[in-house]
Every structure is written in C-alpha cells, then in structure tokens.
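Have a look at the structure below before the remarks.
Naming: A, B, ... by sequence-line order, numbering from 1 per chain. This structure is a prediction, so every number in the text was calculated from the model and none was measured.
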There are 4 protein chains.
Amino acid sequence: MTTQETAAPPGRGRPRDEKARVAILDSAAELLLERGLEKVSMDAIARQAGVSKATIYRWWPTKESLALDSVYRQWSATRPEPHQTGSVSEDLIALLGSWSKLATGRPYGRIIAALLSAAQSDPGFAQQYRAHFVDQRREPGRAILRHAIDTGQLPPGTDIELGLDLLYGPIYHRLLNGHALINEAFIRDVVTTVHAGLNAAA
Amino acid sequence: MTTQETAAPPGRGRPRDEKARVAILDSAAELLLERGLEKVSMDAIARQAGVSKATIYRWWPTKESLALDSVYRQWSATRPEPHQTGSVSEDLIALLGSWSKLATGRPYGRIIAALLSAAQSDPGFAQQYRAHFVDQRREPGRAILRHAIDTGQLPPGTDIELGLDLLYGPIYHRLLNGHALINEAFIRDVVTTVHAGLNAAA
Amino acid sequence: MTTQETAAPPGRGRPRDEKARVAILDSAAELLLERGLEKVSMDAIARQAGVSKATIYRWWPTKESLALDSVYRQWSATRPEPHQTGSVSEDLIALLGSWSKLATGRPYGRIIAALLSAAQSDPGFAQQYRAHFVDQRREPGRAILRHAIDTGQLPPGTDIELGLDLLYGPIYHRLLNGHALINEAFIRDVVTTVHAGLNAAA
Amino acid sequence: MTTQETAAPPGRGRPRDEKARVAILDSAAELLLERGLEKVSMDAIARQAGVSKATIYRWWPTKESLALDSVYRQWSATRPEPHQTGSVSEDLIALLGSWSKLATGRPYGRIIAALLSAAQSDPGFAQQYRAHFVDQRREPGRAILRHAIDTGQLPPGTDIELGLDLLYGPIYHRLLNGHALINEAFIRDVVTTVHAGLNAAA
DNA sequence: GTGTAATCGAGACGGTACGTCGAGTCTTGTG
DNA sequence: CACAAGACTCGACGTACCGTCTCGATTACAC
C-alpha cells in the first residue's frame, strides 16, 4: 500500500520502529499542508517527527515519495461509504461531492499540484502517483458507470473512461486553476450534464 | 502583456537591451522544454543566453515568472486563426484540437504543471498564471459558446463557465495525469458529449 | 598632487566639473571614515556625491586610488606649522604628537590599514601610497634629524633612516594593532628613548 | 588555539573530518601566499581542498578567520628554539632575526596587512588577531627584557611594553610599507639602539 | 551662431564572489 | 540491525559590487 517494502523478512536485527514511521508521516502531512511541498525541508520533517533524517531516507527515497505516502495516508483514513442509491446521478454526486469536500477542506490542492509536477519528469513516480491518486479515485466511479450501463441508465456502448475524464476533469480543473469555486451546485451540474451528454451522444 | 514594466519613462539612462531580453526568453523556453522547470537553474539560463544572472533578476523576480513569460511568448507566436465554420462542435473541435496539439507537441505539460504548482502558494503569481494561460485560452471558447446560444445551437440559459470547464477540464486532466492519450477522437468525443449534455440538461 | 592627470591639454570640450571632484572626495572621505574601505561601495560614494559612477571612474581608476586621494586631501588640509624650537626632542615630540593626534582623532587607522593592504599586491599603488603617506611624513622628521646632527645634538654618523623607522614604527605599530594607547607620554617616551639610543650607540 | 570550538562533547554524531580540516588550512595557506587574501575566493579554497564550501563555513565564519588560522598554523609549525645566550642584545637579535626571516621569506606581509585591515573594523576579530600574532610574538621578547632587568642589563624601571613596541614597531613598519629592506644589519641596529636608549633614558 | 568635443547623470550590462540553504549520503556511537 | 546525531558533498539560490557601456543632455571653446 505504501511506497517502500512493508518490512524486513522475519525478525533479523532490530525491528522497524512503528512509532517513528507514523510520526514521520504525520509530521510530513502537517508540514505539507501548512507550507506546501517545496517549502518543507526534510530536516524540518525530521525535527518535527523527532527522528533522524537517515531514518526517513531509509524508508522513502525522496521527499516526493514521502509526501505521496503521507497524503495518501490521510486521504485513506477518511474513506466514506459509497452509498449506492441506485441512481447514477445521485451516486456520482455523492462520490464526487465527498471527495471534493475532502480535497478542498484543507490545502491539499498545492500538494497534489506539486506531486503532479514531480510526476511529469519521473515516469516511475508518475506511475506511483496514478496508482494512489488517479486509479484509486476512478475505480468507484467506474463501478457506478458500469452499474448504470447494466441497469440501462446509460447506453451499452458508453465509453466509461471518457465519462470518468468528463467527471473528474472539470473538478480537478477548478481545484488546480482556482478560477471558480467547487461547490455542490457545480458538482451537480457536472454530473447532470455529463450524464445527459453520455445518453444523448450515443 | 509581460510580467514586468514595459520600460522606464522616456530615455533616462542606458536603454534596456532588447537582444538580451529575447535571448533570455528563448534560452529559458529551450531549457525548460528540455529539462523542466525545477531542473533548470538560473545560472544555466544566463549562460545559455550569454547574459548575466543579475540581468535576469532585474526584469523577472523569480524563475517561475520568467518561465511564465517564456512559455507564453512561445504559445503566442503560434496563434492560429480560429476558423469559424458556424457549427459549435466543429468550431470547438478546431479550437481545442489545435490547442491540444500545441500543448502536447512538446513537453509543455510539465512546465504547465510546475507553474500550476507555483501558483498554488502565491496568489499574485496565480493571478498572472490565470491571466496568461487560463483566461486567454477560455476567451475564444467563450465566444464560440456565446455565438452558439445566439444561433440556437445551445439553449439560452446555458451556463457558459460550466461548459468551458467541461471542455477544458478533461483535456487538462489527461495532459497532467497522463493516464490516457489526447488525440482527435478524444477531443471530438469530449466536444460531442458536452454539447449534447448542455442541450439535454437544459 | 593627485593620482590622475591634472587636466586635458588646453581647453577642448567641456571642462571638468570642479564641484563634482570636490563632492566625490568629500563623500568618499566621509563614508570611508564611517564604514571603512571595504564596506564602502562606489555606488554609495556616487550616490552620496550626487554624481554618476562613470564620473568617478573617469578620474580615479580604482576605489583604492580614490581613497588615497580622499584621505590625503583631508590630511593635507590640516598641515600644522612645524614649530622649530631648536631642541631635537621637542621638535620631534611636536611633530609626531600632532600627527598622531590627527591620525587617531578619527578612524583613519582602518583606512590606512586598507591602503597598506592594497599596496602589498600592487607595486604601482604601493609607490603612490608611499609618496603620499610615507615620504611626505618622513621628510619633516628627516629635516629635524639632519638639523640635530648639524647642531651636534646627534653624532655625525647617525643613520637617519633608521632613526625615522625607530620613531614612526612604534606609533604605527600601536595605531594598527591597537594593543596599547597612543598618548603624549608614549610619544615622549619613544622620542626620548630613540634620541638617547642614537646618541649612545654611536 | 584555533578559532572554533575544539569539538562537540564526547562522540555524538559523525566526528569532524580531520583530513578535511587540514586540507582546508593547507589549501588556504597556499592560495593566500600565492594571491593574497582578497584575490582568493572561498570557492577556490574549497575546490583546492577537495571540500564543500559549506564545510568551510561550518567551521570558520569568515574568510579572514580562516586566513588567520591558516597562517597561524604555518607560523606555529616553525617555532625556533629561543636560544638564550645571556646577552639581551644577542637574544633579541636572534629572536627578531628568525621571526623577520620567517615573515619575509614568503609573502606573508600582504596576508598580515589584510588581517590587520580586517581587524580594524571588527573588534572580535581584532582580539583574535592580537592573541595569535601580537601577544604570541611579544611574549618571548617580554621574557628577554624581564630577564635583562633581573640581570642588570637594563635598569629596574624599564618600560617593557614601550621596549617591545620600539623593537617590533620598526620591523613591522618596513615589512608593511616596504620603503626599506629588512636585513640582519637593520635588526642589529634596531636592537642596539633600543637597548642603548632604554639604558640611557632611565 | 554653429559645430566639435569632452563632460555629466542615469542606469543597464557582464562578471565574479558572496554566504546560505536544501537534498541526499555517510560515519560515528548507542540500543 | 535500527536509529539519533550530525558532518559531509553537491549544486543552486538570490544579492552585492565591480568596472564598462550606452544613452540623452549639457557646457565649453573654436570657427
């Protein structure tokens, strides 16, 4: 689930200090939200976590990978029950609404932007980023769209990946560019329009 | 149009060296495309431009602002005539298609991502970024949508800003996340679906 | 008297601005005494003098040469009449006393030290420094010693240059090292001891 | 004996790299003698020593303090046995002669001048300079003069500090001003005259 | 008066070094 | 082994001066 090996094999030597791991992730998250990725130094994280810098580097190769794990951990902690109402629109609005609330509730936007930026020049990191943040988020949406096709709320030939981009894209767009607010009405409008469009365009 | 003041009053003192200005912008663009923002140093840009670092800092406060001007200059150079066919869909496809070709033709994506990331922590820079890259891009789209409403191709109450987010969002989403290709079919699908959705949802 | 050519041949072109020359020398002296040579920038001198930097460089090749002229001008302004009493000791005490008062009255020490330091690596400047500060100061002392030999207050074979070093050396030593005070008693002791020594050693 | 703290308590953390310390001091000395203080950059010293600039700044706050340690180290290495012959004059000539040979053997003069200059504007540095170069040098001379008083070669009331200034001052004077040579004859003349003077003036 | 020639203020320029900061590595001793 | 402490390399940062250069504007003398 995280970037690095989960642990050493059985029990050779001193075992990994779990408290240190948690302290690092928590300190990182806190500092990242407070200052943003590029304004947070590894020394600061180490100091805040009461941990040696070497200990961080033993488990995370770069600041970015630590940030990724750190934020992912926070986002995973608040995983809301995807309440299936049966209606595509309502399910999507619930899904995207709760996620957008999470994303905009604290300054995650700039961490996401920084990770996104780092991913542009590092294919390996890009893959990790997508695995944790893109795929993980798209999967429940994909399930809802699939279910919608099965129940006839969307035509059989519907391009699910296109649909997901049409749903997530606009929200990410506003999240990153900040040119307009992300509120419930916007989420509702996006879902409604895309739903209608996918039905009509078939 | 650029970041800094256009010039001092009339002619007091030695005038700004226009050749240096162009050399800086060109060198910056070249290096940025080659390596990405964070891997390009001001020293490298200065060296490449045959210019002193102080001269760069005299006119651009940060590397980011230079990158912004530099990329904007390149994008402005290739401003294609938005050929109005009269059909919303065709006009939008032409607009978004030519832009996406420009954006994906060279590794602009990572520069955009870096600028976006910088904008998250600097409101002043965010405003500049939006003025140059967001607003500038949305305006022709906005014109097309307005015209579509006038000609009855879209219902009168259509939310234009929502429409623009639905059109640009998915493309930016793929550009930045790289989880799927941006090709003509995708552009066409986005436009078609959004057009249909805006008509149906009214 | 100064470092640079006194003027252009006859009168072709705009003549040198005398007010600027004085303003530069005065501003330099003021700033030098206030901050010391290495903490004073040419820009600061130019600003203070209400003069362009180029104007300074037109007449003085380096900051050091300007400092030399500037301090020399101040020291020359207060040239006290060397009142010949007829007694070697009294004449020397008067000479060295008035000079040491001048030198210690304001922080000239650090300017002298800086000039001295600059002279170590630049033979041309060293020569100028000596001409203005060393020779100029030794000459009246030399006259007194010569007169002392003529009047029998010092033996005929007295090494005058040695005597001058024995007189000036200790004062400079305290001026530069600051390990002990330079007061009238010290001057008197130096003169008395050296006078006695030169007489006894013959 | 040096500028910085000798070490951290016992053994916490990686110990200071002794090889780096020596390499820095040696490289500094070499470059300083070659070019003089102001023409040597910290980068050059770091490069020559095969060391990072940060490592230098960790242990020496300024270039001047490094130069001081560096030169002091060299001067300490060649500490000649002060051979007591019993004669004040001979002892002093031996002492001052060997020191002046050391000081003039290589271009230490300009480094001394530069340190002296730096000391003029920084009381803390001035104190360090005096501790290393002035006091350290005066002490053996002081011992000789004290012994001379004890053995009746100098009168009981002799002002030792005055004597030291009369001895060292002229030599420093010639060293820094370069208006005349420092040779054995000069040293002998200085010592003889001062010795005679101190005896006669009492 | 009208060149002609040198001056001046303003300020941009190339260059060099500064001293600092952060990333990531390495080297100790301790648990 | 893991880990705390902390020294280390590397490379970039943004700033400060230096000394040079282009401007346009001024001020004299020579014609």
Side-chain angles (χ1 to χ4, degrees), chain A residues 8 11-17 20 38-44 46-47 50-64, chain B residues 7-17 19-21 38-44 46-47 49-59 61-63, chain C residues 7-8 10-17 19-20 38-44 46-47 49-63, chain D residues 8-17 19-21 38-44 46 50-59 61-63:
Chain A
R12 300 282 294 157
R14 175 173 171 179
R16 176 172 186 184
D17 186 339
E38 35 279 328
K39 290 190 176 168
V40 171
S41 70
M42 290 300 253
D43 290 79
R47 205 178 316 125
V51 142
S52 150
K53 224 175 13 158
T55 301
I56 300 182
Y57 279 107
R58 201 190 317 279
W59 304 105
W60 290 274
T62 63
K63 184 164 67 165
E64 285 73 28
Chain B
R12 305 287 291 164
R14 177 175 175 173
R16 179 171 183 183
D17 186 338
K19 264 193 302 190
R21 193 187 127 261
E38 37 279 327
K39 290 190 178 169
V40 171
S41 69
M42 291 301 251
D43 290 78
R47 205 178 316 126
V51 142
S52 144
K53 217 172 19 158
T55 299
I56 301 184
Y57 281 109
R58 200 192 320 277
W59 301 106
T62 62
K63 186 163 66 169
Chain C
R12 301 286 292 162
R14 175 175 177 175
R16 179 172 184 184
D17 185 339
K19 264 194 301 189
E38 36 280 326
K39 290 191 178 168
V40 170
S41 69
M42 290 301 252
D43 290 78
R47 205 179 315 123
V51 142
S52 152
K53 222 176 9 160
T55 300
I56 300 182
Y57 279 107
R58 201 188 320 275
W59 303 107
W60 290 275
T62 63
K63 184 164 64 169
Chain D
R12 305 289 289 164
R14 176 175 175 175
R16 180 172 183 185
D17 187 338
K19 264 192 304 189
R21 193 187 128 263
E38 35 280 327
K39 289 191 178 165
V40 171
S41 70
M42 291 301 252
D43 290 79
V51 143
S52 146
K53 218 175 15 160
T55 299
I56 300 183
Y57 280 108
R58 199 193 318 278
W59 301 106
T62 62
K63 186 164 62 169

Q. So, is D/W59 close to the F/dC8 phosphate, meaning a side-chain N or O under 4.0 Å from OP1 or OP2?
A. yes
Contact list (N/O, under 3.5 angstrom) for nucleotides 17-20 of chain F vs protein:
unit_1, atom_1, unit_2, atom_2, d
F/dC18, OP1, C/K63, NZ, 3.0
F/dC18, OP2, C/M42, N, 2.6
F/dG19, OP2, C/Y57, OH, 2.7
F/dG19, N7, C/K53, NZ, 3.1
F/dG19, O6, C/K53, NZ, 2.8

Q | Exercise: identify the closest heavy-atom pair between B/A20 and B/V51 | A | CB-CG2, 3.9 Å
Q. Which heavy atom of D/S52 sits nearest a heavy atom of D/A46, and at what distance?
A. C-CB, 4.2 Å
Q.
What is the distance, to the nearest angstrom, from the CZ atom on C/R58 to the P atom on E/dA10?
A. 14 Å
Q) Which pair of non-hydrogen atoms, one from D/I56 and one from D/M42, has the smallest distance, and what is that distance? A) CG2-CE, 3.7 Å
Q) With respect to the phosphate group of F/dC8, does any side-chain polar atom (N or O) of D/S52 fall under 4.0 Å of OP1 or OP2? A) no
Q. Atom CD1 of B/I56 and atom P of F/dC13: how far apart are they, to the nearest Å?
A. 10 Å
Q | Which residue lies more 5' along DNA chain F, comparing A/V51 with C/P15 via nearest heavy atoms | A | A/V51
Q.
So which atom in D/R21 and which in D/R16 form the shortest heavy-atom distance, rounded to 0.1 Å?
A. CG-NH2, 3.1 Å
Q: Can you figure out which of F/dC3, F/dC23, E/dT28 approaches the side chain of A/D17 most closely?
A: F/dC3
Q) Starting at the 5' end of DNA chain F, which residue's closest nucleotide do you reach first, D/A20 or C/G13? A) D/A20
(Q) Using the salt bridge (charged side-chain N to carboxylate O under 4.0 Å, His left out) criterion, which residues pair with B/K53? Sequence neighbours excluded. (A) B/D43
Q. F/dC8, F/dC10, F/dA4: which one has an atom nearest the side-chain heavy atoms of D/R12?
A. F/dA4
Q) Listed by chain and number, what are the salt bridge (charged side-chain N to carboxylate O under 4.0 Å, His left out) partners of B/D17, not counting sequence neighbours? A) none
